[in-house]
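Naming: A, B, ... by sequence-line order, numbering from 1 per chain.
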There are 2 protein chains.
Amino acid sequence: MSHTSGGVRQAQKEQTRQALLDAGLRLLDRQSLSSLGLREVTRAVGVAPAAFYRHFPDMAALGVALVGEALGSLHAVIRDVMSDGLDAERLIDRTVAITAAYVDEHRAHIRFIARERYGGVQPVRAAIAAELGRFTDEVAAGLAPQPVSRGWSPDDLRVLAGLYVDHMVLTAAAMMEVPEDDPAARAEVMRAARLRMQIISVGRSHWAEHRA
Amino acid sequence: MSHTSGGVRQAQKEQTRQALLDAGLRLLDRQSLSSLGLREVTRAVGVAPAAFYRHFPDMAALGVALVGEALGSLHAVIRDVMSDGLDAERLIDRTVAITAAYVDEHRAHIRFIARERYGGVQPVRAAIAAELGRFTDEVAAGLAPQPVSRGWSPDDLRVLAGLYVDHMVLTAAAMMEVPEDDPAARAEVMRAARLRMQIISVGRSHWAEHRA
DNA sequence: AGTTTGGGATAACACTTGTTCACTGAGTAC
DNA sequence: GTACTCAGTGAACAAGTGTTATCCCAAACT
């Protein structure tokens, strides 16, 4: 029937591939990728160890695939947040709120990213760095047309965007260290996140007069 | 002779303990703690596997000891940097330069901290968080008496201090991703680090008028 | 209908792992 | 000088690991 991606065959393969990814992600909640065993994953899926190789050459490849899953869907979110022209204050509130919501919805994925960003497996680190670099570009592109960005060189704008991105990742990581059922601690993390963004934002808007 | 810590015995024990730490740190250059094997470490030292237990109950304990080694000596540096009352601009230059130098001198230790800060071994993560928390307190204490800090609540000052500390750690981590023999990339990382600190610093000094 | 394809199973390979136990032999205390 | 302490040994334990070769059988192609 369908000429592309048609066939029960391919669908079944995709299904166990996804099962491997899901099981891997679940197991990675309590350990890091470099200590995750191939057999451990296949056992969790209920499949023979050798079957793993039909989908990934090694664990690092599974990790890279997980990076795609975790960060791929975030581009739309960023574009969305940056597009509507709210004033600085409301934009910060919205960004922090969305970050918090995203962490809640994709807890395992975000934890994985935080763990492996500077973790032991090089290809995974590289994949995360590449994806975050793309985020930085997008944020920089969103920042550029704003009036406050007058006088900023593209290079400096990218540094600023990187600061925002790093800050977002740090906030997400901090949010995860906090127990889910401690709303007070959660609120404190969010307060700190907002305050940090505000400081940066004020620094940005007074940048010109400081440079003068 | 000496009544305290005297004895060839204790000295020899301390020596192999240190050898274990050194070997562990060396092996951790290319992997993360959760995948580092006990036998791997003892083999590197040239000692029987069982000997490990005379010094550490498990790998996590060795990791915690490494955290102490890596971050313990940094308190003095922080105090030192913050004490002399340079103007903001020179202080930033100095901070970035010192961070770069520290990374060069303690590459393995810093890499270990970056890896394990959000890594897989809980006690180690906790130890790092505790140490960084102490740094944050020290920085906050150093910030408080400065004239620019008028109108800042202690809580907000701590958030600001945390921002500086996180920024320092991020800079150190970024410096490590750069190949040692690429001075151009190195310079770019340092430029970005300075710029970020400057933005934060400007935000801080204009905070009051923004709040009004 | 007959042939090919390829995801998955099974079983075996050669290691590596953490942990235990009784032991040895220098360093220490009396 | 004798008795004690204890860091390090060597051997054995029961699991665990990644990887390979061979086979099976349903889906896909012709």
Just to be sure I understand the geometry, which residues of residues 40-55 of chain B put a non-hydrogen atom under 4.0 Å away from DNA chain C? B:R43, B:A50, B:Y53
Please report, rounded to the nearest Å, how far the [atom2] atom of [N] is from the [atom1] atom of [X].
| X | N | atom1 | atom2 | value |
| --- | --- | --- | --- | --- |
| A:L27 | D:dT17 | CG | C1' | 15 Å |
| A:L38 | D:dT19 | CG | C1' | 9 Å |
| A:M59 | D:dG18 | CE | C1' | 11 Å |
| B:L20 | D:dA7 | CG | P | 13 Å |
| B:Q15 | C:dA26 | CD | C1' | 15 Å |
| A:Q10 | D:dA27 | CD | C1' | 12 Å |

What's the spacing between B:D137 CG and B:H75 NE2 if we round to 0.5 Å? 10.0 Å
OP1 or OP2 of C:dG8 sitting under 4.0 Å from any side-chain N/O of A:T16? yes
Looking at A:R107 and A:E180, is any side-chain nitrogen of the basic one under 4.0 Å from a carboxylate oxygen of the acidic one? yes
Flag if over 12 foreign heavy atoms under 6.0 Å of CZ, B:R191: yes
Between B:L36 and B:Q12, just flag the one whose closest nucleotide in DNA chain C comes earlier from the 5' side. B:L36
Can you figure out which of D:dA7, D:dA26, C:dA12 approaches the side chain of A:R9 most closely? D:dA26
Any side-chain donor-acceptor pair under 3.5 Å between B:S149 and B:R204? yes
Do A:T171 and A:T99 have side-chain atoms, one donor and one acceptor, less than 3.5 Å apart? no
Name the orientation class of the two ring planes belonging to A:H106 and A:H109 (parallel below 30°, tilted from 30 to 60°, perpendicular beyond 60°). tilted
Of B:R17 and B:R39, the one whose closest DNA chain D nucleotide lies more 5': B:R17
